Amino acid sequence: MIDLKSNLKSELKDVSNSILTKSIEVDKAKRKYNFSFFCTVGVPISLLIWQFIATYDSLIIDQSDPKLWAAIKNTFSVTIGSFGIFAALTGMLGFNHRAKQLDLQQLRASKQTIMTELQFELSSEQFDLANKQFDLATVQNNTNLARENLKLYYEHVKIFETELDHISDRLERLHGESPRLGLDSRQLYKTLYSHNSPVDGVVAHEPEWPIEFKSWEGKTYSSFDCYLNQVKAYVKNYPLQPDERADFKYEIRVLVDIYNTLADFGFTNLIKDKLITDQKTQFKYVTSLVFIYDFLNQLGLITMEQRNEILGCTYDIFGGLFWPYQIKSNSVVIRD
């Protein structure tokens, strides 16, 4: 585009110089034509007048004599001849003047065409420049927006982490001991605020149960009720175990599934069935499970009724591993 613009400017300069030169030629041709036209009229008339004056005494004027009319051509041959010569010369000069005028018009048309093309190129450059400025403004705006989103995101994460500390303090006062869960606050935030990110900023301001969350055994839990129904199914199948060994093995399988499903949110580390060898170890993980239920309730993911119901179902499986006051039919209000 730069080479084309330079070529157009060079052509415009050459055409402008040609127009100037041709305009001078047209003016000269016009003056020659005007002088010749004046001579075509003036010279024959002057010769005619001079001849009349010079030959007046010998002129015979008789309009009825045909011989005198026939002699006019010979008598005024100089006057007539000069008119013919100047008329022919004026005609040639007129054609020359007209030809130069046509050349000048063509040069001006060429100049107008070049100026139009040059104007188009300049308009294209201005349009490209405007697009670049718009893109730059868009990038700047996106950069500012991304910076603001990043700032809001990490401020929201910090607020969430502070809220987790407050919940831990409240649960410690409720249960008489601190929840030893080993919370991964960043992972928990990503799970409960899946729509938020450093790029998009804070889209969701309240925690949400993750959509189509997978259980430890691969089942899809789209809500807490799905999780609760699975625990109820475990309760229903619990009495079907043939002996105490199968009973304990069944409890381990259930504990690993319902514990790791929620632990994977970021509440605590995952457990393996090989680590649960006795009721003491089992009690440790059941205690952590109770704290997780309370965290879900305090975060607003489950109601107090759902919290009490899931504790009741868990009690039906693990029974004596609970503290007596952990299963309550009434709502528990935890205050700061």
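Because the structure is predicted, anything quoted here is derived from the model rather than measured.
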Peer 1: Are the side chain of Asp316 and the backbone of Val235 linked by a donor-acceptor contact shorter than 3.5 Å?
Peer 2: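 Side chain of Asp316 to backbone of Val235: no pair is present.
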
Peer 1: State yes or no: are the ring centers of Phe224 and Tyr227 separated by less than 6.0 Å?
Peer 2: yes

Peer 1: Mind checking what makes ring-ring contact (aromatic ring centres under 6.0 Å, His included) contact with Tyr259, not counting sequence neighbours?
Peer 2: Tyr285

Peer 1: Using only heavy-atom distances, determine whether the side chains of Tyr33 and Asn96 contain a donor-acceptor pair under 3.5 Å.
Peer 2: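 Checked: Tyr33/Asn96 side chains show no N/O donor-acceptor pair below 3.5 Å.
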
Peer 1: So, Asp264 and Gln187: side-chain donor and acceptor under 3.5 Å apart, yes or no?
Peer 2: no

Peer 1: With Ile258, which of Asn260, Val254, Val256, Thr261 fulfils side chain to side chain contact (heavy atoms under 4.5 Å, CB included)?
Peer 2: Val254

Peer 1: Among pairs that include at least one residue of residues 26-40, which meet salt bridge (charged side-chain N to carboxylate O under 4.0 Å, His left out), considering only residues two or more places apart or in two chains?
Peer 2: none

Peer 1: Looking just at side-chain N and O atoms, do Tyr189 and Asn196 make a donor-acceptor pair shorter than 3.5 Å?
Peer 2: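 Present: a donor and an acceptor within the cut-off.
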
Peer 1: Under the 3.5 angstrom rule, does the side chain of Gln306 hit a backbone N or O of Thr303 as a donor-acceptor pair?
Peer 2: yes

Peer 1: Go through the side-chain N and O atoms of Glu161 and Ser185 and say whether any donor and acceptor fall under 3.5 Å apart.
Peer 2: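 On atom types as modelled, these side chains qualify, holding a pair under 3.5 Å.
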
Peer 1: Is it the case that the side chain of Thr281 and the backbone of Ile276 share a donor-acceptor pair, with hydrogens and angles ignored and the cut-off at 3.5 Å?
Peer 2: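 Here the side-chain-to-backbone pair does not exist.
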
Peer 1: Ser194 side chain to Lys190 main-chain N or O, any donor-acceptor pair under 3.5 Å?
Peer 2: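 No.
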
Peer 1: Write out all pairs satisfying salt bridge (charged side-chain N to carboxylate O under 4.0 Å, His left out) with one or both partners inside residues 226-235, taking only residues at least two apart or from two chains.
Peer 2: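 Found Lys232-Glu309.
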
Peer 1: Shortest non-hydrogen contact from Val203 to His195?
Peer 2: CG2-O, 3.6 Å

